[in-house]
**Q** 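Sharing a structure with you now.
Values reported hereafter were calculated over all heavy atoms of this structure, with side chains retained and with hydrogens, waters and symmetry mates removed.
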Amino acid sequence: MPGSLDPLDVGVQIPYHFRCPISLELMRDPVTVCTGQTYDRQSIESWVATGNITCPVTRAPLSDFTLIPNHTLRRLIQEWCVANRAFGVERIPTPKQPADPSLVRSLLNQAAAQSNHMNSRVAALRRLRGLARDSDKNRSVISANNAREILLAIAFSRMDSDSSELNHESLAILSMFPLSEPECVFVASDPERVSYLVAMLFHPSIDVRVNSAALIEIVVAGMRSPELRAQISNADDVFEGIVGILNYPLAYPRALKVGIKALFALCLVKQHRQRAVTAGAVEALIDRLQDFEKCDAERALATIELLSRIPSGCAALASHALTVPLLVKIILKISERATEYAAGALLSLCSASEQAQKEAVAAGVLIQLLLLVQSDCTERAKRKAQMLLKQLRDCWPEDSIANSDDFACSDVVPF
């Protein structure tokens, strides 16, 4: 239900005491603070997060930031919503309460205690994973209880092919959290830990493989040291493992999302892009390009542009029959970033191959580029389009050149 209901729209006035004093909107998850005032959870959390330490209504200091759910008021609000269904009011859902910090600490202690039975430790981690999966708030509570340090110790406690479910559950939870740079260094600086993560990319369980890829991406993206990033991208079989996840045959959206994030992070290390090409990254990217969601498609196109800048990557892209038609088709279709990356990859391909030039022209790139330079796209995308127009000027059909004046692009290139 919308957070705010206009009485003129629904024909009913929202009771004053059902409105949050901060947002003046109908409360969805009313909570009471230490001063006795009730607010909508999201509003009071935003109030405190911006540095305010007083109660918005009474202005009294908030000596305790605990938020107590006001179940009675929430039930009254739900009953009011049901009673006013005829006016278009929808019943607010019962919110899930944030994880209890004491429960989180108990689960972490249970999982970390080596004296506990293995099944008990695994059960604690599974429950913790369920809490982390439920909400951002739960993840904040878990992270605030030193969870990452505990989980890293468990995840790398036994680094061999027979690693236990305990390790795998820890990997699954860690894949949901950003790591600090020291924590990323803890993983990347130890070749055994890196090798273990790479080995998990080939585990029989696709979930374990994807969680390992997610952690690799988190570690690579979380470090400033180019040497440590290169150490991971230089690990044996790391690219093969990531490409294998991208090529997973069954419908598994998370595999695509995590796989492309990891591949892009690894390909930022220029000296190892050749290894990505050898592992079949180009074929995987082109074959799955139309399966990516918007943000992932942008990342995939950025990776394609990176690979097009090395000779082997450019050759592999040019040899795939779908590369040029797909890149031409994508221009102006997905987003400004996607357009920029597609134009950049086409520029690299057409600069290296006359055949690619002919394929681009046959796919209709002229109209796309002329529209691009007149659009509101980024200046970098326009510059790439202008350079590509110059590159292709000898390939235009005569009728296309004659008709190009219709696009008022005299500021692009003088043919």
**Q** For F177, does the six-membered ring have the charged nitrogen or CZ of R139 within the cation-pi criterion, i.e. under 6.0 angstrom from the centroid and within 45° of the normal?
**A**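 No.
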**Q** Are more than 12 heavy atoms, taken from residues, nucleotides or ligands other than K294, located less than 6.0 Å from that residue's NZ atom?
**A**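 Open: at most 12 neighbouring heavy atoms sit under 6.0 Å from NZ of K294.
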**Q** If you take all heavy atoms of N52 and F65, which pair is closest and at what distance?
**A**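 Reported closest heavy-atom pair: O-CE2, 4.4 Å.
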**Q** Could you measure the distance from the CZ atom of R41 to the CG atom of D29? Nearest 0.5 Å is fine.
**A**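 Reported value, rounded in 0.5 Å steps: 4.5 Å.
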**Q** When rounded to the nearest 0.5 angstrom, what distance separates CG in N138 from CE in M176?
**A**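 CE of M176 is found 11.0 Å from CG of N138.
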**Q** Of the non-hydrogen atoms in E183 and E149, which two are nearest, and what is the gap between them?
**A**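 For E183 and E149, the tightest heavy-atom pair comes out as OE2-N, 4.4 Å.
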**Q** Do Q37 and T32 have side-chain atoms, one donor and one acceptor, less than 3.5 Å apart?
**A**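 Per modelled atom types, Q37 and T32 side chains form no pair under 3.5 Å.
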**Q** Is it the case that atom CZ in R127 sees more than 12 heavy atoms from other parts of the structure closer than 6.0 Å?
**A**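 Check fails, neighbour count at 12 or below.
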**Q** Of D296, I245, L246, which meets side chain to side chain contact (heavy atoms under 4.5 Å, CB included) against L256?
**A**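 Among the candidates, only L246 passes.
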**Q** Please say whether more than 12 non-hydrogen atoms of neighbouring residues, nucleotides or ligands are located less than 6.0 Å from CD in E181.
**A**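 Result for CD/E181: enclosed.
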**Q** If you measure from the Lys or Arg side-chain nitrogens to the Asp or Glu carboxylate oxygens, is any gap between E379 and R383 under 4.0 Å?
**A**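 R383 and E379: not salt-bridged.
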**Q** Where do R275 and S233 land on the side chain to side chain donor-acceptor pair (under 3.5 Å) test, with the steps shown first?
**A** CA-CA 9 Å; R275 300 183 66 237; S233 64; 5.8 Å; no
**Q** Please determine whether a side-chain nitrogen of the Lys or Arg among K137 and E45 lies less than 4.0 Å from a carboxylate oxygen of the Asp or Glu.
**A**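 A salt bridge is present here (some side-chain N lies under 4.0 Å from a carboxylate O).
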**Q** Does the Q357 side chain pair with the main chain of C350, one donor and one acceptor, at a distance under 3.5 Å?
**A**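 Checked: pair present.
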**Q** Would you say R254 and N211 are linked by a side-chain donor-acceptor pair, where the criterion is simply a distance under 3.5 Å?
**A**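 Distance-only check passes for N211 and R254.
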**Q** Walk me through whether S170 and F156 qualify under side chain to side chain contact (heavy atoms under 4.5 Å, CB included).
**A** CA-CA 9 Å; S170 298; F156 296 101; over 6 Å; no
**Q** Around atom CD of E293, are there more than 12 heavy atoms from other residues, nucleotides or ligands closer than 6.0 Å?
**A**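 Incorrect, the count does not exceed 12.
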**Q** For the pair H168 and D207, evaluate side chain to side chain donor-acceptor pair (under 3.5 Å) and give the outcome as yes or no after the intermediate values.
**A** CA-CA 9 Å; H168 302 159; D207 288 319; over 6 Å; no
**Q** With rounding to the nearest 0.5 angstrom, report the SG to CD1 distance, C184 to I218.
**A**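 Reported value, rounded in 0.5 Å steps: 8.0 Å.
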**Q** Do NZ/NE/NH1/NH2 and the carboxylate oxygens of R19 and E25 come within less than 4.0 Å?
**A**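 Salt bridge between R19 and E25, a charged N being under 4.0 Å from a carboxylate O: no.
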**Q** May I have the step-by-step check of side chain to side chain contact (heavy atoms under 4.5 Å, CB included) for L131 and V141, ending in yes or no?
**A** CA-CA 10 Å; L131 292 174; V141 173; over 6 Å; no
**Q** How far apart are the C-alpha atoms of S225 and E227, what are their side-chain angles, what is the distance that settles it, and do they pass the side chain to side chain donor-acceptor pair (under 3.5 Å) test?
**A** CA-CA 5 Å; S225 167; E227 293 79 15; 3.2 Å; yes
**Q** How long is the gap from CZ on R337 to OG1 on T378, to the nearest 0.5 Å?
**A**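 These two atoms lie 10.0 Å from each other.
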**Q** What pairs of residues pass the side chain to side chain donor-acceptor pair (under 3.5 Å) test when at least one of them lies in residues 235-248, not counting sequence neighbours?
**A**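 Side chain to side chain donor-acceptor pair (under 3.5 Å) check on residues 235-248 returns no pairs.
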**Q** What distance separates I304 CD1 from I330 CD1, expressed to the nearest 0.5 Å?
**A**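 The CD1 atom of I304 sits 7.0 Å away from the CD1 atom of I330.
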**Q** If you count heavy atoms of other groups shown closer than 6.0 angstrom to CD of Q42, is the number above 12?
**A**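 Atom CD in Q42 is not packed in, count stays at 12 or less.
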**Q** Measure the NZ-OG distance between K384 and S348 for me, rounded to the nearest 0.5 Å.
**A**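 The NZ atom of K384 sits 8.5 Å away from the OG atom of S348.
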